[in-house]
Amino acid sequence: MPRVNEEIEDLLTEWADLLQIGGADAFRVRAYEKAARALGGHPRDLRDLSDREILAIPSVGKHMAARVREYLDAGTMHELEDMREAVPAGVRDLMRVPGLGPKRALLLHQELGIAGIGELADAIASERVRAVKGLGEKTELNLFRALQNLSRTQDRVRIDEAIEISLRVVEQLENLPGVKSIVPAGSVRRMRDTIGDLDVLVASENSEHVMGAFLEMPDVVSVVARGDTKSSVVTRRGMQIDLRVVPANAWGAALIYFTGSKEHNVKIRELAMKAGMKLSEWGLFRACDGRLIAGATEEEVYAALGLAWIPPAMREDTGEVEAALAGDLPALIEQTDLRGDLHSHTDLTDGIASLDVMVEAAAARGFEYFAITDHAQNLAMTGMSREAVLAQREKIATIQLRFPHMRLLHGCELNIGRDGSVDYDAEFLAGFDITVASVHSLFRLSREETTARLIAAARNPFVNVIGHPTGRLIGRREPIDVDFEVLFGVAAETGTALEVNCFPDRLDLRDEHVRWATRRGVTISIATDAHAPKHLDNVRFGIGTAQRGWAKRSDVLNARTASEVGKFVADKRAPR
DNA sequence: GCCGTTTTCGGCCCGACTGTTTTCAGTCG
């Protein structure tokens with residue numbers, strides 16, 4: 001169930017859409033959108049705020065505050081109900097079709113009585129759309145394609161796939177004459193967990209070659225837009241790729257613009273405006289005479305706005321601009337800060353590589369320590385018996401001799417039972433250097449039962465890390481329903497770390513939960529859960545997720561030394 | 001509808017591309 005903050009965000013966003021369809025003033029619409037975002041992203045639960053505190057939220061004025069209050073008290077916003085009456089259901093749905101905004105959605109409803117995506121498809125099939133004044137054959141064809149694409153790309157692409165596709169585009173274009181720089185920008189650069197479409201930025205004084213090559217890439221099935229500086233294509237699997245070409249002196253400004261997010265861009269453009277400047281992808285200019293102030297690098301553009309350089313992962317307008325203005329941007333965790341990995345598997349359980357191979361792969365990455373955490377006995381089919389555990393421990397002791405610079409930790413991934421209990425008895429658990437405990441079953445329990453289950457595990461003195469705490473599998477399995485505020489409180493109190501699992505289809509905890517957890521004082525473990533040597537490279541996705549959650553080095557367990565990790569474990573085991 | 005250490009009224013982010021237009025509205029990011 002979403003937090004009340006998100007419920008209110010959804011309602012005000014819907015309200016903004018309905019206003020837009022009704023032809024309301026664009027700035028009024030934007031006021032609703034801004035308020036929706038401000039309320040949805042507010043760190044505290046709106047139920048816990050006084051009226052005065054709600055009114056103090058930026059972009060929330062007395063009208064919005066009154067609506068929030070009405071919703072909190074009565075569970076409804078009566079004016080919104082009225083709006084819904086006025087705009088036929090389904091018209092708003094039409095706006096999901098790329099190429100259809102509020103104006104055309106309303107036009108299609110007024111002229112053809114269309115009130116839904118299915119009806120739109122029928123109207124296109126019977127060539128009625130082209131007959132509407134202001135639309136035409138081309139528009140009809142574009143809408144047809146957009147509808148086809150919509151069904152194909154319901155699912156966003158995972159970050160790892162998106163990076164791979166971007167790099168293929170880069171490879172095909174980087175050696176063309178005149179290309180000075182080329183990078184994937186957009187949400188890939190911000191390391192979002194899933195990606196809608198790809199943005200690639202090129203620095204070149206002459207866009208002709210690169211544009212031509214882009215439009216003719218083998219994977220391209222249709223060209224959505226083509227221009228001198230900007231083109232968009234759709235690939236065979238339905239992914240849209242935008243290419244933007246700018247001169248080198250605008251590189252920084254364009255990189256900011258094209259990295260986004262949109263909300264971040266709007267925020268810093270407002271900042272520029274207030275300071276008598278104008279920011280666009282072409283540079284930062286003096287408003288009075290249009291003179292260029294900055295543009296070649298991101299750093300100089302941010303600096304001219306009075307901001308430190310903001311890491312791409314933070315650019316979501318969730319407070320980073322304010323933090324940069326105040327000069328207290330956090331120093332984010334970097335991949336180079338990580339000293340080891342605290343979650344990995346071998347072919348003793350469900351990994352595909354032997355202990356030796358995994359250890360060698362970890363050593364090759366320069367780790368100072370490496371925990372082997374194969375599955376505990378209760379995991380059907382693959383879990384380790386006690387004998388297998390002890391045999392592995394002996395083997396690790398032998399291998400350790402070959403790796404004097406990397407401390408091997410013998411750990412285990414425990415299974416959290418329905419009641420929060422884990423495998424083995426206390427005495428046996430005490431033999432491990434560290435443990436990870438994870439939910440591997442019963443993902444659909446109630447929030448109460450799930451929360452109780454996880455806090456019971458967290459209170460176990462022999463549980464050091466909760467692995468992939470929500471169990472989500474992106475695009476395949478919903479997260480378990482847990483009261484995070486309670487879980488984070490207990491994790492902080494008991495000295496239990498929560499994992500940021502680096503698998504690109506997990507990224508669990510996710511970005512916003514990392515931020516919430518670390519704010520509550522929870523330690524996180526950025527762990528690969530590697531089942532093969534190449535999985536150790538997934539750490540960059542975990543780092544991206546942690547950065548999106550504003551995690552600092554001090555928040556991260558495996559950024560500490562081996563002896564500090566040992567102390568983290570010992571402290572929890574010590575009787576209080 | 002929100003906001004203000006220049007303003008309580010008059011502003012509000014910026015530019016590219018498309019299609020159906022005779023000069024620009026709509027959409028997108």
Side-chain angles (χ1 to χ4, degrees), chain A residues 12 15-16 19-21 23-39 55-68 79 94-108 129-143 145-146 185-187 190 195-201 207 211 223-233 240-246 250 253-254 256-285 287 290 305 315 317 321:
Chain A
L12 292 179
W15 200 328
L19 282 170
Q20 224 179 348
I21 293 167
D25 173 56
F27 295 112
R28 195 165 157 232
V29 173
R30 191 152 157 251
Y32 279 77
E33 289 169 346
K34 281 182 81 169
R37 279 181 45 73
L39 291 161
L55 199 54
I57 299 171
S59 307
V60 176
K62 65 176 199 293
H63 286 92
M64 295 298 175
R67 282 153 189 167
V68 171
E79 290 168 284
L94 289 178
M95 288 170 60
R96 282 181 29 230
V97 182
L100 279 189
K103 295 284 193 299
R104 286 172 171 177
L106 185 64
L107 183 68
L108 286 170
V129 170
R130 65 179 66 181
V132 176
K133 185 169 162 52
L135 306 179
E137 241 178 278
K138 273 272 187 62
T139 304
E140 190 177 80
L141 181 62
N142 285 339
L143 287 175
R145 289 197 184 124
S187 45
R190 301 200 312 278
I195 310 295
D197 51 35
L198 295 180
D199 305 297
V200 179
L201 182 66
S207 66
M211 274 303 174
V223 175
V224 180
R226 63 198 310 165
D228 294 337
T229 67
K230 178 187 170 183
S231 297
S232 301
V233 299
Q240 179 166 328
I241 309 177
D242 298 344
L243 183 76
R244 191 80 187 233
V245 184
V246 298
I256 290 174
Y257 164 78
F258 223 30
T259 297
S261 65
K262 185 172 186 278
E263 291 77 15
H264 174 86
N265 289 349
V266 168
K267 177 65 71 75
I268 61 176
R269 280 186 202 141
E270 284 173 348
L271 207 61
M273 196 189 61
K274 282 178 192 144
M277 297 182 271
K278 192 188 67 157
L279 177 63
S280 76
E281 59 267 51
W282 302 107
L284 181 64
F285 303 92
L305 291 169
R315 300 182 194 171
D317 187 27
V321 176

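Quick caveat: nothing in here was measured; it's all calculated off a predicted structure. We name chains A, B, ... by the order of the sequence lines, and we start the count at 1 in each one.
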Have a look at dT22(B) and give me syn or anti from its glycosidic angle (syn if within 90° of zero). anti
Using the rule side chain to side chain contact (heavy atoms under 4.5 Å, CB included), only one of K62(A), M64(A), H63(A) pairs with V60(A); which is it? M64(A)
Below 4.5 Å, heavy atoms only, C-beta onward: do I21(A) and M95(A) meet side chain to side chain? yes
I need a per-nucleotide contact map over nucleotides 16-29 of chain B, read 5' to 3'. Cutoff is protein heavy atoms under 4.0 Å; write B for the base, S for backbone only, - otherwise. SSSSS-----SSSB
Working to the nearest 0.5 Å, report the span between CG of N265(A) and CZ of F258(A). 11.0 Å
Does the side chain of R269(A) come within less than 4.5 Å of M273(A)'s, by heavy atoms? no
Within a 6.0 Å radius of atom CD on E137(A), are there more than 12 heavy atoms belonging to other residues, nucleotides or ligands? no
Which whole number of Å gives the distance between the P atom of dC17(B) and that of dC9(B)? 42 Å
How many whole angstroms separate atom CZ of F27(A) from atom C1' of dG1(B)? 12 Å
Within the 4.0 Å heavy-atom criterion, would you say R130(A) contacts the bases, only the backbone, or no part of the nucleic acid? nothing
Return the value, rounded to whole Å, for the distance between atom CH2 of W15(A) and atom P of dG1(B). 8 Å
Can you tell me how far C1' of dG11(B) sits from NZ of K34(A), to the nearest Å? 12 Å
Identity of whatever pairs with dA16(B) - Watson-Crick or G-U, under 3.5 angstrom: dT27(B)
Looking only at atom P, what distance separates dT21(B) and dG15(B), rounded to whole Å? 28 Å
Contact class for K278(A) vs. all strands (heavy atom < 4.0 Å): base, sugar-phosphate, or nothing? sugar-phosphate
Protein-to-nucleotide contact annotation, 5' to 3' order, nucleotides 2-7 of chain B [B base; S sugar-phosphate only; - none; under 4.0 Å, heavy atom]: SS----
Does the side chain of V224(A) come within less than 4.5 Å of V233(A)'s, by heavy atoms? no
Need one value for I268(A): base, sugar-phosphate or nothing, where a base atom within 4.0 Å counts as base even if backbone is also close, heavy atoms only. nothing
Could you give the distance separating dA25(B) and dT20(B) at their C1' atoms, to the nearest angstrom? 10 Å
Min side-chain heavy-atom separation R244(A)-V200(A) under 4.5 Å: no
Spacing of E263(A) atom CD relative to dC14(B) atom P, expressed in whole Å: 17 Å
Length of the line joining L284(A):CG and dC14(B):P, which is rounded to integer Å: 11 Å
Using side-chain heavy atoms (C-beta onward) and a distance below 4.5 Å, is T259(A) in contact with R315(A)? yes
Compare every heavy atom of A38(A) with every heavy atom of P58(A), then report the nearest pair and how far apart it is. O-CB, 3.4 Å
Result of checking R37(A), R67(A), Q20(A) against Y32(A) for side chain to side chain donor-acceptor pair (under 3.5 Å): R67(A)
Taking atom P in both dC13(B) and dG4(B), compute the distance separating them and give it to the nearest angstrom. 14 Å
I'd like the C1' distance from dT23(B) over to dT18(B), given in whole Å. 15 Å
Separation between the C1' atoms of dC3(B) and dT7(B), rounded to whole Å: 10 Å
For the P atoms, the ones on dG29(B) and on dT22(B), what distance do you get once it is rounded to whole angstrom? 27 Å
What interatomic distance, in whole Å, is found between P of dG10(B) and the corresponding atom of dA16(B)? 31 Å
